[in-house]
There are 2 protein chains.
Amino acid sequence: MAQGGGSASATRPGKRERLVSAARELVYFKGIAGTSLADIANAADVPVGNVYYYFKTKNEIVGAVVRTYEDQLQTLVSEVERRHQSPEARLEAFVAVLVEHAVAATERYGTQYGCPYGTLSSELAMRAEGPDPLAATLMRIQLDWTEQQFRAMGRADARDLAIELLAAYQGAAVLTSTLGDAELLTRRGQRLQQWIDELAVGRPAR
Amino acid sequence: MAQGGGSASATRPGKRERLVSAARELVYFKGIAGTSLADIANAADVPVGNVYYYFKTKNEIVGAVVRTYEDQLQTLVSEVERRHQSPEARLEAFVAVLVEHAVAATERYGTQYGCPYGTLSSELAMRAEGPDPLAATLMRIQLDWTEQQFRAMGRADARDLAIELLAAYQGAAVLTSTLGDAELLTRRGQRLQQWIDELAVGRPAR
DNA sequence: GTCTATAAACGGATAGAC
DNA sequence: GTCTATCCGTTTATAGAC
């Protein structure tokens, strides 16, 4: 299968990586359905038909993009765990990074976009007939890790809190992109961090 | 323009209404991009090419769908205001209806779908170049009404609370559809109502 | 006013030359 | 292993018959 899988030590950028990278960007901005293979190939500076040498189907490219996000999330939480000791500090840092990413995308381009994980997962869930495991993965990774932090804080309702936190962030991202208000996400992120703080201080059951 | 606009007293179902109704359903389940004019015409029992007699373009149909949702939201809040006096009761009823709608859609079909307003608005925001007023309308209507209720409760931070409430609901809808967990939305809805209760009781600033 | 037939463009995907 | 040329289905949209 071509020249090495994903994170292998390649000798150069590699067309496969370029394709996935371009696909990720385009899918984030225009959605899966709104992104054609020609768009991807064009953005990656790869001949159109040549795409099929690296991926047998469009869905396979989307799968690779999801895989990229999985890795990114894994790296993200590892980094957060390395830099912060307490679960509450880790959660706050996690929220901060998510918000930063979205804001960074906004500054690079004109309009306001939502959470990459959320929009991609939503579209995957919609295009699938029944429940789609691929659509759930990214959310579940975040959910599991967040729950773990709340549990480390001694919360018995860790799962519910994890759902509450992620839902709050995802919803804020939706409002941000639909209203086109970049500041909304930042403000909501700060309030979420405040909420985490309050949970950490005491108030056992809420 | 054919036989009467929207809510006029027509003599029969009418093809235009059938088209919009079919479009609304399909767009909810498959998204705008995932729904073709042939799908819509087929579901509405209208010849494919004939669609263009009623709508000049696909975007126009989508616009009509959005318009439908606007009316539905207007009816919804009017009904809620008629049935409930206190702002907190109104907010709780509003949340209850939103959750009910999503759950009803789940029971009619197999899989779990998100909030119709949210998914549609998100897709509209994504397909537009710059900020899209159409994408913002549905959210803004809900936001304004919700803010109004919080203000009636004497909250100075009414706008922030409105954003918090809607974001919490939208996020729960995203998680629900991506995880395929129907119960999640119901549970989150109950917690939101509880939260509204607590705000009503006292705790002025939070 | 209603519908059929069809155009024009684009999408994903393939065969096969280099 | 890399790229070109192309096929075929689908999609939006139109022209024009009834």
Side-chain angles (χ1 to χ4, degrees), chain A residues 1-6 8 10-24 26-27 29-66 120 123-124 126-129 134, chain B residues 1-6 8 10-27 29-66 123-124 126-129 134:
Chain A
M1 275 124 189
Q3 62 202 50
T11 53
R12 62 197 171 100
K15 296 184 183 175
R16 203 194 138 92
E17 277 88 354
R18 292 213 308 273
L19 282 170
V20 176
S21 178
R24 184 167 64 164
L26 285 166
V27 164
F29 293 131
K30 311 286 289 178
I32 300 172
T35 301
S36 73
L37 292 176
D39 292 337
I40 297 172
N42 201 31
D45 259 313
V46 169
V48 211
N50 195 6
V51 173
Y52 287 91
Y53 175 70
Y54 300 98
F55 302 96
K56 276 186 285 293
T57 166
K58 185 182 179 179
N59 280 337
E60 221 170 81
I61 302 184
V62 174
V65 169
V66 174
L120 179 54
E123 200 174 354
L124 284 171
M126 200 164 50
R127 65 172 13 207
E129 297 290 309
L134 197 64
Chain B
M1 274 129 187
Q3 62 203 52
T11 53
R12 62 196 171 99
K15 296 184 184 175
R16 193 181 199 275
E17 277 88 354
R18 292 214 308 275
L19 282 170
V20 176
S21 178
R24 184 168 63 165
E25 190 124 318
L26 285 166
V27 164
F29 292 130
K30 311 286 291 178
I32 300 173
T35 302
S36 73
L37 293 176
D39 292 337
I40 297 171
N42 201 32
D45 259 313
V46 169
V48 211
N50 195 6
V51 173
Y52 288 92
Y53 174 69
Y54 300 98
F55 302 96
K56 277 187 284 295
T57 167
K58 184 181 179 181
N59 281 336
E60 220 170 81
I61 302 184
V62 174
V65 170
V66 173
E123 200 173 352
L124 284 171
M126 201 165 47
R127 66 175 11 210
E129 298 290 309
L134 197 63

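A, B, ... follow the sequence lines: proteins, then strands. Residue 1 opens every chain. Note that these values count all heavy atoms, side chains included, but never hydrogens, waters or copies made by symmetry.
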(request) Flag the pair Lys58(A) / Ile40(A) as yes when at least one side-chain heavy-atom distance between them is below 4.5 Å, and no otherwise. (result) no
(request) Taking Watson-Crick and G-U wobble pairs with both distances under 3.5 Å, convert DNA chain C into its dot-bracket string, 5' to 3', dots for unpaired and | for cross-strand pairs. (result) ||||||||||.|||||||
(message) Taking 4.0 Å as the cut-off, does a side-chain nitrogen or oxygen of Tyr52(B) come that near to OP1 or OP2 on dT14(D)?
(response) no
(request) Whole angstrom is fine here: how far is it from CD1 in Ile32(B) over to C1' in dT12(D)? (result) 15 Å
(request) Of all the heavy-atom pairs spanning Lys15(B) and Tyr54(B), show the shortest one and how long it is. (result) CD-OH, 3.5 Å
Enumerate donor-acceptor pairs with a distance under 3.5 Å from any side-chain N or O in residues 19-27 of chain B to protein atoms, sequence neighbours excluded.
residue	atom	partner	partner atom	Å
Arg24(B)	NH1	Gln72(B)	OE1	2.8
Glu25(B)	OE2	Arg108(B)	NH2	2.9
Glu25(B)	OE2	Tyr109(B)	OH	2.7

(request) Check whether any side-chain heavy atom of Asn59(B) sits under 4.5 Å from a side-chain heavy atom of Arg127(B), and report yes or no. (result) yes
For nucleotides 3-9 of chain D, which of its nitrogen or oxygen atoms have a protein nitrogen or oxygen under 3.5 Å away, and what is each distance?
residue	atom	partner	partner atom	Å
dC3(D)	OP1	Lys15(A)	NZ	3.3
dC3(D)	OP2	Lys15(A)	NZ	2.2
dC3(D)	OP2	Asn50(A)	ND2	3.0

(message) Less than 4.0 angstrom between a side-chain N/O of Thr57(A) and OP1 or OP2 of dG12(C), yes or no?
(response) no
(request) Over all heavy atoms of both residues, which pair between Val48(B) and Ala38(B) is shortest? Give the atoms and the distance, please. (result) CG1-CA, 3.7 Å
(message) So which atom in Arg18(B) and which in Val46(B) form the shortest heavy-atom distance, rounded to 0.1 Å?
(response) NH2-CG2, 3.9 Å
(message) At a heavy-atom distance below 4.0 Å, what parts of residues 35-45 of chain B sit against DNA chain D?
(response) Thr35(B), Ser36(B), Leu37(B)
(message) Strictly by side chain to side chain donor-acceptor pair (under 3.5 Å), give each pair with a member in residues 29-43 of chain A just once, sequence neighbours left out.
(response) Ser36(A)-Asp39(A)
(message) Leu124(A) vs Val66(A), test: side-chain contact (heavy atoms from CB on, under 4.5 Å). Steps then yes/no.
(response) CA-CA 10 Å; Leu124(A) 284 171; Val66(A) 174; 3.8 Å; yes
(request) Identify the heavy atoms of Gly63(A) and Leu134(A) that sit nearest to each other, and give their distance. (result) CA-CD2, 4.5 Å
(request) For Phe55(B) and Glu60(B), work out which heavy atoms get closest and say how close. (result) CA-OE1, 3.6 Å
(request) Measure from CZ on Arg16(B) to C1' on dG1(C) and round the result to the nearest Å. (result) 15 Å
(request) Please identify each residue that fulfils side chain to side chain contact (heavy atoms under 4.5 Å, CB included) with Tyr52(A), with sequence neighbours left out. (result) Leu37(A)
(message) Could you tell me how far apart Lys58(B) (NZ) and dT11(D) (P) are, to the nearest whole angstrom?
(response) 9 Å
